Amino acid sequence: MKEKNQTNTNYKNKKLKVFETFSGIGAQHKALQFIKDYYGYDYEIVATSEWDIDAIISYACIHYPNFKKEIKLPKESEIDSYLSNFVHSFSGKTPAPIKKLLSLPIEKKQTYYQAHKITKNIGSILDITGKDLIKKTDGVDLITYSFPCQDLSVAGSFHGFNQGMKKGSNTRSSLLWEIGRILTELKKENKLPKFLLLENVVNMVSSRHKADYINWKKTLYKLGYKTKTYKLNARDYNICQNRNRVYAISILSKDIKVDKEYEIKDAIEELNHVYNFDKNLKKITLDKVIKENYSIGKYLKEAEWSRPNKTPSRKKMFDLNRKLNEYENERFDYSRTITTKQDRHPNAGVVNLKNTILETKDNIKANYRFITPREAFLLMGFNEKEYERVTKLNDIKKDKLYQQAGNSIVVNVLISLMKAIQELNNE
């Protein structure tokens, strides 16, 4: 399909209506906005589903800079009444007692209320029904679902969490099947979305979990969807992070053929373009990400936050991990995968502090640091202004910032996937 700025009398700009589940800080939203800015493909986030309080606030800070002015504040009793209709989480892992939520400082509670409203959050995935979605939106064309990876990741397997996303296993990764439930309910109402977009760790398609994934694709096939699965690495999309993930686009269609594993057989031109990074994406390199100008106060403070104590295990961590400010040539100009924690091995990489104003001769602080939360956001495709809006409006701990970045999706990769979906939608 030709781009909007090209001559094309058959061009139709259909607004893509999107429901972001497990929405986090809204990487899908950012990708869609990029495509709108460069190609004019229109979209609307008609609903989100997220229960992590800080993630919801961060989403609002990133995508709705004026939300504090746009959402009027009612009386505290009305805020409490509204929030009591939903399940919330402080950790992103377990539900929070409603009494604890309602006892938050009034400023935090007001900000959370405004963020919840502006993001059109309709609650925990466990509580949403197909009829709810129909009632609360003006239709949905695309559902995105980056469901929890903890029970699929290699680290999870090492700790015995090996049931993965098996249906009925009651793991966090089995929340995938809540999407299946909602789709089944939507089918009964003849309101299925045209597209689905999945993202998760590569271990999801390993021998351990492959049968469960095929079962998932079979379930989608019975609902009318045909699925194309990709393994895509952020390094191939002009961003300096070695992050390999599984993505899958499912299309509601009677005509597309699939193989015995319910994968699309026949090539679709738009889907083939997923493998090509967008020509409008600027290359993000480590020299642009790693903030070593410690004469700037905010970078100095963040570097000090991210510096570990000097211990034998931290010495080993320095020796074994990539030095992000000492790469010898472009081949090594990338970080490892961003995870939800950095004070661990392996991590995304470390930054040597020797020969800087932070170098010390004592035995307390190590002469290296981890990447900062700011740098983690940049490596996921967000920018410094967005990061600073998050930290300005949300009283959020460093560990939660790392968690938000590590749980997100690299925006650059999503742009190629979303552009393919937009082009199919506009045909």
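Count residues from 1 along the sequence. Just so it is clear, the structure is predicted and the values come from calculations on it, not from any experiment.
A 4.5 Å side-chain heavy-atom check between Lys15 and Asp141 finds every atom pair outside the cut-off. Side-chain atoms of Phe19 and Leu142, non-hydrogen and from C-beta on, never get closer than 4.5 Å to each other. Counting only heavy atoms from C-beta outward, the side chains of Leu175 and Tyr145 never approach each other to under 4.5 Å. For the pair Leu401/Phe377, a side-chain contact is recorded, criterion being any heavy-atom separation below 4.5 Å from C-beta on.
Both the sub-6.0 Å distance and the 45° axial angle are not jointly satisfied by Lys17 relative to the ring of Tyr43. Taking the ring axis of Tyr387 as reference, the NZ or CZ atom of Arg374 does not stay both within 45° of it and closer than 6.0 Å to the ring centre. Seen from the ring of Tyr39, Lys419 counts as a face-on cation partner, given the 6.0 Å and 45° thresholds.
Ring-centre distance between Phe67 and His116: not below the 6.0 Å cut-off. Between Phe370 and Tyr402, the ring center distance fails the sub-6.0 Å criterion.
A donor-acceptor pair is defined here as one N or O able to donate and one able to accept, closer than 3.5 Å; such a pair exists between the side chain of Thr337 and the backbone of Asn242. Formation of a donor-acceptor pair under 3.5 Å by the Arg389 side chain with backbone atoms of Cys61 is found in this model. Under a 3.5 Å cut-off, the side chain of Asp132 and the backbone N or O of Thr129 do form a donor-acceptor pair. For Glu423 (side chain) and Glu270 (main-chain N/O), no donor-acceptor pair under 3.5 Å exists by modelled atom type. A donor-acceptor pair under 3.5 Å is formed between the side chain of Asn347 and the backbone N or O of Arg344. Listed for the Lys323 side chain is no donor-acceptor partner under 3.5 Å among the backbone atoms of Gly349. The main-chain N or O of Ile338 is found under 3.5 Å from a side-chain atom of Arg243 such that the two form a donor-acceptor pair.
Looking at Glu359 and Lys361, a side-chain N of the basic residue comes within less than 4.0 Å of a carboxylate O on the acidic one, giving a salt bridge. Comment: Lys36 does not engage Glu44 in a salt bridge, judged by the lack of any side-chain N to carboxylate O separation of less than 4.0 angstrom. Salt bridge annotation for Glu304-Lys301: absent, with no cationic side-chain nitrogen under 4.0 angstrom from a carboxylate oxygen. Salt-bridge annotation for Glu384 and Lys291: present, with a side-chain N of the basic residue lying under 4.0 Å from a carboxylate O of the acidic one. Using a 4.0 Å cut-off between charged nitrogen and carboxylate oxygen, Asp362 and Lys310 do not count as a salt-bridge pair.
To the nearest 0.5 angstrom, Leu73 atom CG is 8.0 Å from Thr111 atom OG1. Distance check, rounded to the nearest 0.5 Å: CZ of Phe318 to CG of Leu353 gives 9.0 Å. The CD1 atom of Ile179 sits 8.5 Å away from the CZ atom of Arg181 when rounded to the nearest 0.5 Å. Going from atom CG of Leu104 over to atom CD1 of Ile79 covers 11.5 Å, rounded to the nearest 0.5 Å. A distance of 9.5 Å separates OG in Ser89 from CG in Asp54, rounded to the nearest 0.5 Å. Rounded to the nearest 0.5 angstrom, Ile35 CD1 and Asn280 CG are separated by 11.0 Å.
No more than 12 heavy atoms of other residues, nucleotides or ligands sit less than 6.0 Å from atom NZ of Lys210. Counted within 6.0 Å of NZ on Lys298, heavy atoms from surrounding residues, nucleotides or ligands total more than 12; the atom is thus considered enclosed. Atom CG of Asn66 is surrounded by more than 12 heavy atoms from other residues, nucleotides or ligands within 6.0 Å. Residue Lys191 places its NZ atom among 12 or fewer non-hydrogen atoms of other residues, nucleotides or ligands, all under 6.0 Å distant. Under a cut-off of 6.0 angstrom, the local environment of NZ in Lys136 is crowded, with over 12 non-hydrogen atoms contributed by other residues, nucleotides or ligands. Within a 6.0 Å radius of CG in Asp395, no more than 12 heavy atoms belonging to other residues, nucleotides or ligands are found.
Nearest heavy atoms, Gln422 versus Asp42: NE2-O, 3.2 Å. Residues Ala348 and Leu324 come closest through the heavy atom pair O-CD2, 3.9 Å. Minimum heavy-atom separation, Ser335 to Gln241: OG-CG, 3.5 Å. Here the closest non-hydrogen pair linking Arg307 and Tyr368 is CG-O, 3.5 Å.
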Salt bridge (Lys or Arg N to Asp or Glu O under 4.0 Å) between Glu263 and Lys226, intermediate numbers included: CA-CA 7 Å; Glu263 278 285 322; Lys226 315 298 168 61; over 6 Å; no
Test salt bridge (Lys or Arg N to Asp or Glu O under 4.0 Å) applied to Glu302 and Lys398, step by step: CA-CA 10 Å; Glu302 291 166 6; Lys398 177 182 69 175; over 6 Å; no
Chi angles and distances behind the salt bridge (Lys or Arg N to Asp or Glu O under 4.0 Å) call for Lys400, Asp52: CA-CA 10 Å; Lys400 285 302 292 286; Asp52 186 304; 3.4 Å; yes
Test side-chain hydrogen bond (donor to acceptor under 3.5 Å, both in side chains) applied to Lys194 and Asn425, step by step: CA-CA 8 Å; Lys194 291 182 281 186; Asn425 188 52; 2.4 Å; yes
Audit row: Lys166, Asp212, salt bridge (Lys or Arg N to Asp or Glu O under 4.0 Å) steps and yes/no: CA-CA 6 Å; Lys166 187 178 293 294; Asp212 293 326; 3.3 Å; yes
Candidate pair Lys231 and Val202, rule side-chain contact (heavy atoms from CB on, under 4.5 Å), full reasoning: CA-CA 7 Å; Lys231 289 183 184 178; Val202 171; 4.1 Å; yes
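Under the 3.5 Å distance criterion, with hydrogens and angles disregarded, no donor-acceptor pair is assigned to the side chains of Thr21 and Ser49. Side-chain atoms of Ser146 and Glu199 form a donor-acceptor pair, as typed in the model, at a separation below 3.5 Å.
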